[in-house]
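Comments concern the structure below.
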Amino acid sequence: MTPRFVLVLSENWTLTTGRDLPVLVRWAREAEDAGFDAVMVSEHVVLGPDAGADGVMGNPREYALPGNQDPFTPWPGSLMLLGAIASVTTRIRLAAAAVLAPLKHPLALARDIGTLDLLSEGRLVVQPTVSWSRDEYAALGVPFAERGAILDEQLEIWDLLWRGSPVSYHGSHFAFEDVYFEPRAYRPDGPRMWFGGQHLHARLLDRLVRYGHGFHPLGRPTPDELERLRAGMAAAGRDAANLEMIGGCRPVFPDDDSVSPLEPALESIPEQLAQGFTTFCIKPSQFTDDPDGVGAFCREVVKRTEALLP
């Protein structure tokens with residue numbers, strides 16, 4: 001199977017600034033030209049002191065994780081940025097990962113998601129998540145402890161909205177009667193949905209089984225987790241082989257001031273392919289300091305990966 005690559009456009013602030021968003025749009029177009037399958041944008045609404053509570057990452061090219069980032073880290077609005085990318089591309093998928101759904105009303109967020117899905121003619125991928133920052137939830141007045149239950153209601157609401165109007169819903173966090181929601185998303189069952197997390201806990205497994213089109217774990221899932229996923233899908237009458245599996249390309253930084261060589265980051269791809277992973281995320285600033293060389297970098301990723309495969 002030919003691997004598919006996702007260019008991660010968030011957190012590349014050693015290559016560009018968080019204000020020069022047109023350069024991210026250009027990189028997306030270059031990634032499409034190079035044969036990449038998707039681009040990815042993550043989000044935060046705001047950050048607080050807990051963003052760096054565990055100490056800021058040594059190498060600024062590393063992935064932002066819970067508690068390791070400077071609160072000044074830029075996080076542009078993901079759906080608006082992907083809308084700009086949709087307007088200058090024709091094939092590449094647009095991965096909104098991760099959308100912090102509990103911080104927004106499900107009807108308003110469904111409208112933005114559905115519009116972008118229509119605009120891109122079904123190229124949108126949405127990864128709803130609850131995230132980790134108590135400070136962010138406090139700033140927006142959303143109860144942190146309820147975030148999982150809020151997301152579950154939002155997913156139920158979206159599932160109803162994609163099917164047709166009118167829609168009524170009465171839950172613990174949201175309630176409305178006879179809502180008409182038009183136009184709906186591009187597909188009758190809505191945009192493609194990925195779910196992920198550090199561990200395959202019961203709630204995540206349930207979301208994957210009920211709504212998921214892809215599994216995007218943070219790190220490598222254990223063999224036991226993969227078996228639980230297959231069993232859970234089978235119990236629901238779904239074939240796990242049809243679930244897109246999203247892996248990654250981990251850098252090997254020689255020090256805190258340098259980029260990683262590309263070759264060792266790609267070496268795990270054949271093993272991941274054997275485990276069922278088909279799609280691989282890669283962040284350009286981890287491997288190059290040249291903002292004008294992202295297109296060439298994407299072509300090099302494709303070329304080197306082809307050489308690794310039998």
Side-chain angles (χ1 to χ4, degrees), residues 3-11 37-45 62-69 75 78-79 82 93-104 109 113 124-133 136-137 144 147-152 154-155 158-159 190-233 236 238 240-251 268-269 271-273 275-283 286:
R4 295 177 291 202
F5 285 101
V6 181
L7 189 72
V8 179
L9 293 178
S10 302
E11 311 166 35
D37 176 75
V39 291
M40 176 183 291
V41 182
S42 300
E43 70 171 7
H44 282 285
V45 180
E62 265 289 10
Y63 277 105
L65 297 171
N68 79 341
Q69 57 193 287
W75 292 96
S78 60
L79 297 180
L82 290 172
R93 290 190 295 168
L94 314 168
V99 172
L100 307 188
L103 299 178
K104 304 167 187 177
L109 185 51
I113 288 171
L124 180 63
V125 177
V126 180
Q127 182 173 324
T129 189
V130 298
S131 196
W132 49 268
S133 172
E136 187 170 23
Y137 274 79
F144 184 80
R147 67 197 192 283
I150 292 171
L151 175 57
D152 286 337
Q154 290 174 311
L155 294 172
W158 293 349
D159 190 49
R192 304 302 83 178
M193 304 277 277
W194 290 354
F195 293 93
Q198 289 180 296
H199 305 287
L200 187 65
H201 53 78
R203 185 171 261 170
L204 172 56
L205 179 58
D206 181 64
R207 291 169 188 153
L208 278 164
V209 167
R210 294 181 64 185
Y211 309 108
H213 303 98
F215 178 37
H216 182 198
L218 181 60
R220 292 283 194 90
T222 66
D224 177 67
E225 288 177 322
L226 292 175
E227 180 54 39
R228 286 175 50 225
L229 177 58
R230 284 190 287 267
M233 295 287 284
R238 298 187 61 191
N242 296 326
L243 189 71
E244 185 174 7
M245 302 286 285
I246 300 94
C249 307
R250 287 294 177 183
S268 69
I269 287 179
E271 177 189 351
Q272 292 184 71
L273 284 169
Q275 291 179 315
F277 289 84
T278 59
T279 305
F280 301 93
C281 301
I282 191 161
K283 180 179 165 186
Q286 295 183 329

[Y] side chain reached by [X] side chain, heavy atoms, under 4.5 Å:
{"X": "Ser268", "Y": "Phe280", "answer": "no"}
{"X": "Met245", "Y": "Leu229", "answer": "yes"}
{"X": "Val6", "Y": "Val39", "answer": "no"}

Do any N or O atoms from the side chain of [X] and from the backbone of [Y] form a donor-acceptor pair under 3.5 angstrom?
{"X": "Gln127", "Y": "Ala95", "result": "no"}
{"X": "Gln286", "Y": "Pro251", "result": "no"}
{"X": "Glu244", "Y": "Thr278", "result": "no"}
{"X": "Glu225", "Y": "Thr222", "result": "yes"}
{"X": "Gln198", "Y": "Gly219", "result": "no"}
{"X": "Asn68", "Y": "Tyr63", "result": "yes"}
{"X": "Arg207", "Y": "Leu204", "result": "no"}
{"X": "Lys283", "Y": "Ser10", "result": "no"}
{"X": "Arg192", "Y": "Gly190", "result": "yes"}
{"X": "Arg228", "Y": "Leu200", "result": "yes"}

Next on the checklist: Go through it in stages, so that I can follow the logic: the residues are Glu136 and Leu100, the test is side-chain contact (heavy atoms from CB on, under 4.5 Å), and I'd like the CA-CA distance, side-chain angles, deciding distance and then a yes or no.
Outcome noted: CA-CA 10 Å; Glu136 187 170 23; Leu100 307 188; 3.6 Å; yes
Only residue of Leu155, Val126, Thr129 satisfying side-chain contact (heavy atoms from CB on, under 4.5 Å) with Phe195 is Leu155
Nearest non-hydrogen partners of [X] and [Y], listed with the distance:
{"X": "Gln154", "Y": "Ala101", "result": "NE2-O, 2.7 Å"}
{"X": "Leu124", "Y": "Pro191", "result": "O-CB, 4.0 Å"}
{"X": "Leu243", "Y": "Gly214", "result": "CD1-N, 3.5 Å"}
{"X": "Tyr211", "Y": "Asp159", "result": "CE2-CB, 4.0 Å"}
{"X": "Met40", "Y": "Cys281", "result": "CE-SG, 3.5 Å"}
{"X": "Trp194", "Y": "His213", "result": "CD1-C, 4.3 Å"}

Problem set entry | Derivation of the side-chain contact (heavy atoms from CB on, under 4.5 Å) call for Trp75 and Gln69 | CA-CA 12 Å; Trp75 292 96; Gln69 57 193 287; 3.3 Å; yes
From [X] [atom1] over to [Y] [atom2], what is the distance, rounded to the nearest 0.5 angstrom?
{"X": "Met233", "Y": "Leu205", "atom1": "CE", "atom2": "CG", "answer": "9.0 Å"}
{"X": "Leu94", "Y": "Ser78", "atom1": "CG", "atom2": "OG", "answer": "11.0 Å"}
{"X": "Arg250", "Y": "Arg220", "atom1": "CZ", "atom2": "CZ", "answer": "9.5 Å"}
{"X": "Thr279", "Y": "Leu273", "atom1": "OG1", "atom2": "CG", "answer": "9.5 Å"}

May I have the step-by-step check of salt bridge (Lys or Arg N to Asp or Glu O under 4.0 Å) for Glu43 and Lys104, ending in yes or no? CA-CA 13 Å; Glu43 70 171 7; Lys104 304 167 187 177; 3.1 Å; yes
Worksheet item: How are the rings of His44 and Trp132 set relative to one another: parallel (under 30°), tilted (30 to 60°) or perpendicular (over 60°)?
Response: perpendicular
